[in-house]
Protein chains: 4
Amino acid sequence: MVKDNEQTKQKLLNAALEIFTEKGYYETKVSDIVKKAGVAQGTFYLYFQTKESIFTSIIKSTNEVMIDQVERIFTEKASPLMSKEEFMQRLHETVYSCMSVYRDHKAIMYMMRVHGASQFGEAEQVVEAWNECLLGIIIKLFHKFQLFPSYNEFQFEIAARAIDGMLNETCMQYLILRDSTDEQISQISGVVTEMIYDMTLGRTQ
Amino acid sequence: MVKDNEQTKQKLLNAALEIFTEKGYYETKVSDIVKKAGVAQGTFYLYFQTKESIFTSIIKSTNEVMIDQVERIFTEKASPLMSKEEFMQRLHETVYSCMSVYRDHKAIMYMMRVHGASQFGEAEQVVEAWNECLLGIIIKLFHKFQLFPSYNEFQFEIAARAIDGMLNETCMQYLILRDSTDEQISQISGVVTEMIYDMTLGRTQ
Amino acid sequence: MVKDNEQTKQKLLNAALEIFTEKGYYETKVSDIVKKAGVAQGTFYLYFQTKESIFTSIIKSTNEVMIDQVERIFTEKASPLMSKEEFMQRLHETVYSCMSVYRDHKAIMYMMRVHGASQFGEAEQVVEAWNECLLGIIIKLFHKFQLFPSYNEFQFEIAARAIDGMLNETCMQYLILRDSTDEQISQISGVVTEMIYDMTLGRTQ
Amino acid sequence: MVKDNEQTKQKLLNAALEIFTEKGYYETKVSDIVKKAGVAQGTFYLYFQTKESIFTSIIKSTNEVMIDQVERIFTEKASPLMSKEEFMQRLHETVYSCMSVYRDHKAIMYMMRVHGASQFGEAEQVVEAWNECLLGIIIKLFHKFQLFPSYNEFQFEIAARAIDGMLNETCMQYLILRDSTDEQISQISGVVTEMIYDMTLGRTQ
DNA sequence: GATGAATGAGGCTTCATTCAT
DNA sequence: TATGAATGAAGCCTCATTCAT
């Protein structure tokens with residue numbers, strides 16, 4: 001029955017994610033995964049061709065979800081015509097949502113960042129895709145709000161990457177490496193929101 | 001002879017750094033290292049106890065140098081009494097110097113970030129030490145300039161990590177993953193400097 | 001239903017023969033066989049106990065047929081009283097028929113010779129049985145025609161094996177490894193017939 | 001020291017030949033080989049890349065030797081101008097020498113014929129090379145002695161293959177599958193020589 | 001100190017066979 | 001009878017480490 005089929009595959013995926021997250025790709029043995037999943041060694045190979053392929057499979061599928069979620073979050077949240085308060089409110093919501101995405105995919109993010117998942121052809125592209133996704137969104141927003149009018153293409157990109165780095169680092173520290181309460185996440189996004197505002201719309205000028 | 005001794009050890013360290021950087025810890029074989037160093041397999045174990053120990057040794061020693069350099073850079077560069085122009089000038093210099101440190105230790109940084117060097121007890125501490133180093137400096141500066149007066153301890157830390165993330169990401173992208181000219185590095189630190197200024201001293205109250 | 005039963009078994013036998021022939025015993029997987037037969041993995045074991053047993057089963061049953069055919073061919077075809085022309089005619093027919101047997105069981109012969117099917121207890125006996133069959137026939141004919149009167153038992157056997165080898169090799173080359181037309185097979189048996197004649201009845205006494 | 005080096009390699013080759021001969025390629029485990037050679041599992045891979053490569057290596061090198069030996073044997077042994085007695089004498093010597101070659105490389109021949117060594121790309125070529133070698137020699141002799149004047153190209157080849165098969169089969173039976181004394185080998189080559197003579201120079205007509 | 005051959009534990013993967021449905 | 005998911009033993013190979021010279 002397909003149901004059973006999928007169940008086993010899912011058990012393997014869950015086990016693999018957990019152990020990859022804990023130990024990284026190389027320290028994870030296929031035997032660890034099957035043991036945790038509660039199936040036999042051979043069963044693994046009914047669902048995945050190689051150890052690498054389950055790894056790639058995990059980060060690829062998660063990544064698609066994350067990119068999708070993030071893109072949805074940033075769409076049509078804010079407009080240049082808003083008042084500062086309204087804008088801040090929206091920005092805060094956006095940052096908060098974005099952080100939730102990180103939290104929901106904690107294990108994957110951990111794997112990608114801490115264990116440096118960019119070692120295999122496909123995984124590398126995934127990490128890159130994720131980076132470019134956020135960057136693209138930020139740049140699009142810059143244009144929408146006509147920020148940094150004096151900046152050239154290159155400077156634009158730098159600014160976007162700086163914000164990307166800010167978000168990434170805070171998410172990493174407070175959502176991936178530590179567990180934070182909703183209350184704390186709200187505070188974190190509050191600080192980040194303010195900073196982003198100050199660097200952009202709120203620039204002294 | 002000690003001289004010879006050190007020479008061989010250095011050859012191994014150089015070779016190891018190069019290959020670790022290129023392939024990461026796990027994909028690097030001791031046999032690769034000795035081949036590149038031009039010594040015999042057994043010789044490796046005259047200088048390092050294990051493969052892990054040469055790895056740790058490399059990132060530890062480099063890290064000390066980096067931390068030292070960065071701390072020196074941030075010391076006494078700026079003071080709250082300066083004019084904005086002067087302050088900006090100093091900050092720019094500081095960021096630029098900081099970027100130079102990244103560039104000078106490109107390989108190590110690459111290893112730490114891209115390959116996720118935080119897998120072994122000691123290496124993990126090194127990565128952490130580096131993060132804490134920058135963070136500490138930033139927090140100290142916040143205090144010195146009495147920034148974010150309304151922030152509590154937690155928010156303070158968040159803000160510091162955000163800036164840390166900004167710096168890290170831009171360094172990563174432009175100095176570690178790509179090669180940038182001095183001219184470009186100057187532009188990059190310019191943008192970052194402005195952003196930092198806007199988020200801190202230049203805040204719209 | 002027995003009918004269905006037999007059908008499935010036959011499908012498996014056909015598939016197995018084809019793949020064994022193509023890849024040899026070891027490179028053939030049970031999964032290949034069932035796939036080609038269009039049945040499930042488990043079904044295989046309803047009809048055959050092991051992979052080895054289907055293999056043995058195939059060559060054994062085929063071998064019986066072949067031995068039977070060959071024995072019939074050689075029976076009462078020629079007699080010492082014939083004229084040379086008549087004898088040659090009969091010998092030619094015999095060799096031709098013999099070659100047809102090889103051709104009809106091409107796959108099995110291929111398996112036995114090219115893949116060296118003599119690795120398992122039973123299979124080995126089959127190959128041997130086949131060899132002894134031909135050899136026996138040839139020796140019987142030698143006696144019937146009172147050939148090699150000066151030869152002792154040992155020499156007799158050598159001569160028989162030599163002819164056996166001749167037949168085998170030409171069959172192998174032209175019927176098993178290559179496809180030959182009826183016309184060509186006729187030529188081949190012509191040459192072989194002449195040679196056999198020259199070595200036996202036609203000997204320069 | 002190179003001496004030791006070669007010694008270990010030779011131990012492995014000897015062990016491998018012995019076990020391949022006994023069990024065939026697939027039933028031979030690398031662990032069997034190293035056990036018989038008295039070295040560790042890993043040592044095997046210092047000298048051979050894979051199990052297949054030691055197999056190929058063995059039959060390739062032996063084959064070169066055999067081909068060389070056989071070609072030397074057949075060179076300038078007989079000439080069309082000889083008397084029958086002299087010719088028979090030479091032919092007998094030739095066949096005898098040829099049989100010695102088989103005997104000297106018994107194990108390899110066994111492997112090639114009985115286990116059907118033609119399963120891997122390179123091994124296949126080796127078997128073919130050996131077949132073509134003998135065939136070529138026989139055809140050359142046919143031309144030299146202007147045998148079978150009425151035969152066309154195709155018939156020529158058939159005749160050559162027939163003789164090849166005769167030689168092969170007798171060698172196989174008496175030198176590879178059984179052990180024969182020198183005395184016996186002499187008898188065998190005697191019979192074969194007579195047969196070859198009868199089929200060729202001694203043809204009625 | 002330097003060498004490099006030798007070691008052997010342990011990982012990944014295959015595949016014949018079983019078994020619950 | 002038929003299915004096909006599950007099993008697990010066993011093989012090949014890698015590579016960090018040791019050791020005799």
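Keep in mind it's a predicted model, so treat the numbers as computed, not measured. Just so we're on the same page: letters track the sequence lines, and every chain starts at 1.
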Atom [atom1] of [X] and atom [atom2] of [N]: how far apart are they, to the nearest Å?
X     : N      : atom1 : atom2 : answer
A:K9  : F:dG4  : NZ    : P     : 17 Å
A:F48 : E:dC12 : CZ    : P     : 15 Å
B:Q49 : F:dT18 : CD    : C1'   : 14 Å
D:I19 : F:dC12 : CD1   : P     : 11 Å
A:L46 : E:dT17 : CG    : P     : 17 Å
D:K35 : E:dT7  : NZ    : P     : 15 Å
A:L12 : F:dA6  : CG    : P     : 9 Å
D:Q10 : E:dA5  : CD    : P     : 17 Å

For the residue pair D:E52 / D:Y25, report whether a side-chain donor-acceptor contact shorter than 3.5 Å exists.
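Absent: no donor and acceptor within the cut-off.
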With a 3.5 Å cut-off and just heavy-atom distances, do the side chain of B:Q41 and the base of E:dT3 make a donor-acceptor pair?
no
Could you check whether any side-chain heavy atom of C:F44 comes within less than 4.5 Å of a side-chain heavy atom of C:V39, counting everything from C-beta outward?
no
Determine whether D:T50 and D:S53 make a side-chain contact, defined as any pair of heavy atoms from C-beta on separated by less than 4.5 Å.
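The answer is yes; the side chains approach within 4.5 Å.
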Could you tell me whether A:T28 contacts a base, only the sugar-phosphate backbone, or nothing, with contacts defined as non-hydrogen atoms closer than 4.0 Å?
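Sugar-phosphate only.
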List, one per line, each side-chain donor-acceptor pair under 3.5 Å for residues 58-66 of chain C, sequence neighbours excluded.
unit_1: C:K60; atom_1: NZ; unit_2: C:E122; atom_2: OE1; d: 2.9
unit_1: C:S61; atom_1: OG; unit_2: C:S57; atom_2: O; d: 3.3
unit_1: C:S61; atom_1: OG; unit_2: C:I58; atom_2: O; d: 3.3
unit_1: C:T62; atom_1: OG1; unit_2: C:I58; atom_2: O; d: 2.8

For [X] and [N], is the shortest distance between a side-chain N/O and OP1 or OP2 below 4.0 Å?
X     : N      : answer
D:Y45 : F:dC13 : yes
D:Y47 : E:dA5  : no
B:T43 : E:dT3  : yes
C:T8  : F:dT1  : no
D:K51 : F:dC12 : yes

C:K29 side chain: which of E:dC15, F:dA16, F:dG8 is closest?
E:dC15
Which heavy atom of [X] sits nearest a heavy atom of [Y], and at what distance?
X      : Y      : value
C:I67  : C:W130 : CG1-CE3, 3.8 Å
B:L12  : B:F48  : CB-CE1, 4.0 Å
B:M109 : B:Y102 : CE-CE2, 3.2 Å

Can you give the donor-acceptor pairs under 3.5 Å from side chains of residues 30-38 of chain B to other protein atoms, not counting sequence neighbours?
unit_1: B:D32; atom_1: OD2; unit_2: B:K23; atom_2: NZ; d: 3.4
unit_1: B:D32; atom_1: OD2; unit_2: B:K29; atom_2: N; d: 3.1
unit_1: B:K36; atom_1: NZ; unit_2: B:E18; atom_2: OE2; d: 3.0

Starting at the 5' end of DNA chain E and moving along, which residue's nearest nucleotide shows up first, B:G42 or D:G42?
B:G42
Which comes earlier along DNA chain E counting from the 5' end, the contact point of D:G38 or that of C:T50, where each point is its nearest nucleotide?
D:G38
Could you summarise the pairing of DNA chain E as dot-bracket text, marking Watson-Crick and G-U pairs under 3.5 Å with ( ) or [ ] inside the strand and | across strands?
.||||||||||||||||||||
